[in-house]
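These figures come from a predicted structure and were not determined experimentally.
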2 protein chains.
Amino acid sequence: MTVQSNNDGSTGEQRDDGVTMASIHDVARVAGVSISTVSYALSGKRSIAESTRRRVEDAVRQLDYRPNAGARMLKGARTNILALSAPLHAATHAPAHMTFVLAVARAARAYDFDILLLTQDEATSGIRRVARSSLVDGILLLDVSSDDERAPLLRELGLPAAVIGIPDDVTGLTCVDLDFEKAAQMCVTRLVGQGHRQIALLGQDPAVYERRSNFPPRFRDAFLAEADRLGVGTFFTPAKEDTASVAEALAAIDGALPGLDALVMHANEPVQSMVLDLLRQRGIRVPQDLSVISACSSFDTDHLHPALDVVPLPADRSCTRAIELTMAQLGTRSAPSDAVPHVELIEPEYIELGSTASRTPA
Amino acid sequence: MTVQSNNDGSTGEQRDDGVTMASIHDVARVAGVSISTVSYALSGKRSIAESTRRRVEDAVRQLDYRPNAGARMLKGARTNILALSAPLHAATHAPAHMTFVLAVARAARAYDFDILLLTQDEATSGIRRVARSSLVDGILLLDVSSDDERAPLLRELGLPAAVIGIPDDVTGLTCVDLDFEKAAQMCVTRLVGQGHRQIALLGQDPAVYERRSNFPPRFRDAFLAEADRLGVGTFFTPAKEDTASVAEALAAIDGALPGLDALVMHANEPVQSMVLDLLRQRGIRVPQDLSVISACSSFDTDHLHPALDVVPLPADRSCTRAIELTMAQLGTRSAPSDAVPHVELIEPEYIELGSTASRTPA
DNA sequence: CTGAAAGCGCTTACAG
DNA sequence: CTGAAAGCGCTTACAG
C-alpha cells in the first residue's frame, strides 16, 4: 500500500463542524415561532396559518434543516428504515440478485424509507440485532430457501416484514413471488398449442436443485407435470455456467428427445447465450427448426441473437409489492387485507419476440 | 396478482407488542442498580464492581436488552451507520459491483457499523439527506467516475468519508483503489521478461472508455505506454459481451499484430470465457502458442479452461481499507495519518496459474 | 464504586 | 391558530 499524496486537508476536525446541523430550535428562532409550530408545519398534522407556514418553510430552506433522525426515531416510534436481509449464496446469480436489492431500495424510497443492508454473515443475528435495538421498522427477506432459518425468526419477532420468495412454512408470514408454476404452464401450453410435441427444459446449475433454493424446483416440477398432462414428450436437464456443461446438457437433450422441437431455458444469461451460440454453430435455426423460450429471466432477452420470447422475472413488481405489504403492516394507507399475513403470487406475463413458431403437422 | 392463502395471523397488532422492547430502566430494575450503572457497565467507560457487572449482564441477557438505536444516536452523537452510495451504471458489471457492496458491509460490521444503501436515483440528494439528518456517521462512494458529482458534495459536507476509486479532483478526499497503472506495468514487464514481443490488450465494453469510468483508461494507457517503453509491439481493442463482438476483437488483434504471442484481458468473466473458447476452437494452445493473463478480475480465474494467471481486483482489501480510513476520520483507534485526506493505491499482486510461458528465441 | 440529573432533538397531548 | 411542557431512552458530566 502506497500513500501517494497528502492533498490539502480542508476538513480536519473530527465531527462535522463548519457544516453545523440546524435543529428545530434554530428553525423556530429564525421563523419567529415555537418549536411545536415548526414540527406541525412540517408534519401537516394540524392546520397552520398560511403565512406562518411560509415563514417556517423559508427558515427550513435557509438553514437546510432536516429533522434529526435519532430524535425522530426516539420520539416518533418510527425509524423509516427497513432491514434488507440479502444473503448472496454461491449459486445465486449476482446480477439478478443486485436487481432485487436495487428494486427494494427504490420501492422503499417511494415511502420515504431507507434500506439497511444485512448480509450473509449475520443472517439471523443481524436481523435480531437491528430489530431489538429498534433500528428498523420492518424487515425484508431476499433469496429465501425452503427451510430458511430466517422464517421462524420473523415469526418470533413479529415485526412488519415481507418475504420475497416462498419458504415451506409460511405460517404468519407475508410472502411475494412470481407464480413459477403458472409461468411453467404458460410456456408448455403455448408450445403445445403451437403444435410442438417434444419439449425440453434446460435448467440452472445442478447445485441449485440439490440445495436450498425453492423456485427452480417449483418451475421444473410444474413444467414436467404440465407436459405430461398434455401428453407431449419432455426432458429436463440442469446445466452449469460453462461451455462444456452446456454442450453436455444439449447432448443429453438430443439423446432423450430425438425429435426435439422446442426448448425452454430457465437459466442465467451466459448459459442462454451459450446455448444460442451452440445452436447457431450446428446450423439449427430459431424458430424455424427449434422454438426457444427464456423463462423467468431477470435480464432483457432482446439483446440475444435471436431475441427470445420471455416470461420475465418481475423483480420490480415483486419488490414494490413486498414494500407495499410491509407498509400496510406499518399502518400506512392501504387495504386492510394487505396487513394480514398471506402469500401473494405474481401473475406471469408472456412476451413474444419471435423465437417460437407454429409447427404445421407434416 | 392472486391472494393464495390467508394463513393464521398470529401477529395482527400494529407495533411490536408481545415482543416488548426492554429499556435501560427495565435492566436497571431487574439488576437492582441505577440506569447510569447499566450504561457504564455496558460501555465499560468506568470501573464497575465485578458482582454489579454480572448482575447487569444477567439482566441484559434475561430481557434480551439492546440499547435503543434512536436514543443512542440522539445522545451519543454516533449512529453507527455508514451510507454506501452504490449507483449501478449500465456498463458496470453487476457481479463485481455486488462483491464490493458486500465487502463494504462486511468490513463495516467489524467496527459495529451498519450500511445504509443509497442508489443511483438519489445519488447526491440521498447523500445530502442522510448527512443532514445525522442518520449516518460517514459516507462511502462506490463506482466513482472521473467527474463524479458526489466528489464535490463530499467536500462540501465535510463528513468522514472514503471513496473507492479515484475521481479527477481528489482535493480533500480520501480515496482507495488498486494501482491500475502498476498492475498494467506488471503484466507487460512479465510478458516482455518472458520474451514476448507482440502483446495485445483486450479491454472492456467500448462504452466504458467513452464514458465516465476512470480505471479502465488508466489500465489501458499504462499498458500501452509500458509496452512502447520496452519496445514491443502492442495493440488495444475493447470488446462487448457477446460472441460476435469478441470474435471481431480477436480478428482486429490478429490483423494488427500478426506475430501475437501474448494477450492480456481486462474484461468481464463471460468475455474471458468466450475468448478461451474461441482460442480452443482455433487450436491455439495456452500457454504453448499464446500466453494469456487476466487483469484486474474480480472473479476466480481457476475455473476457466485453462486457469489463467491473474492480477486480482482486491475488492476486500479496498473496501476494508476504505472502512478503516473512515473509522480513522471518526477518531477510532488508528494511525493519525489515516485521518488525513489522501489517495491510497493498493499494490497489485500477480498470481501464477500457468497460462504464460517463456518464449525461447527461435 | 455508584446514583441523581441534565439534556440530546424531536412529537404530541394539553391549554389557551 | 399557536405555545409551553412532558417525555421518548439513552450518555455523561457532576456529586458523593
Just compare C:dG3, D:dC10, C:dC8 and give me whichever is closest to any side-chain atom of B:L74. C:dC8
So, does the side chain of A:S36 form a donor-acceptor pair with the base of D:dA4 at under 3.5 Å? yes
Can you measure A:E50 atom CD to D:dT2 atom P for me and round it to whole angstrom units? 11 Å
Please determine, for the side chain of B:A49, which listed nucleotide (C:dC1, C:dG9, C:dT11) has the closest atom? C:dC1
Can you figure out which of D:dC8, C:dT2, D:dC10 approaches the side chain of B:I35 most closely? D:dC10
Does a side-chain N or O of A:R72 approach OP1 or OP2 of C:dG9 to a distance below 4.0 Å, or not? no
To the nearest angstrom, the CZ-P distance between A:R53 and D:dC1 comes to 10 Å
Residue pair A:S39 / A:S36, side-chain donor-acceptor N/O under 3.5 Å: no
Can you say whether a donor on the side chain of B:R46 sits under 3.5 Å from an acceptor on the base of C:dT2, or the other way round? yes
Pairing partner (Watson-Crick or G-U wobble, both distances under 3.5 angstrom) of D:dA4: none
Here the distance between atom P of C:dG9 and atom CD1 of A:I24, to the nearest Å, is 11 Å
B:M73 CE to D:dC10 P: how many Å, rounded? 13 Å
State which of C:dG3, D:dG9, C:dC1 makes the closest approach to the side chain of B:S34. C:dG3
Does B:K45 place a side-chain N or O at less than 4.0 Å from the phosphate oxygens OP1/OP2 of D:dT12? yes
Looking at B:Y40 and D:dA13, is any side-chain donor or acceptor paired with a base atom of the opposite kind under 3.5 Å? yes
For A:S39, report the nucleic acid contact type (base, sugar-phosphate, nothing); a contact means any heavy atom under 4.0 Å. base
Just how far, in rounded Å, is P of D:dA5 from NE2 of A:H25? 12 Å
In whole angstroms, how far is the C1' atom of C:dC10 from the CG atom of A:N80? 14 Å
In whole angstroms, the gap separating P of D:dG3 from CZ of A:R29 amounts to 15 Å
Quick one: does A:R150's side chain have a donor or acceptor within less than 3.5 Å of a partner on A:L142's backbone? yes
Would you call B:R106-A:E122 a salt bridge at under 4.0 Å N-O? no
Compare side-chain N and O positions of A:T37 against OP1 and OP2 of D:dT2 and report whether any pair is under 4.0 Å apart. no
Are the side chains of B:P67 and B:I24 in touch, meaning some heavy atoms are under 4.5 Å apart? no
Report the distance from atom CZ of A:R78 to atom C1' of C:dT12, rounded to the nearest whole Å. 15 Å
Could you tell me whether B:R132 and A:D64 have a side-chain N and a carboxylate O separated by less than 4.0 Å? yes
Reckon B:T52 has a side-chain N or O less than 4.0 Å from the OP1 or OP2 of C:dT2? yes
Pick the nucleotide of DNA chain D nearest each of B:S23 and A:S51; which residue has the one closer to the 5' end? A:S51
Tightest non-hydrogen contact, residues A:A161 and A:T174, listed as O-CB, 3.7 Å
What's the closest nucleotide to the side chain of B:K75 if the choices are C:dT11, D:dG9, C:dT12? D:dG9
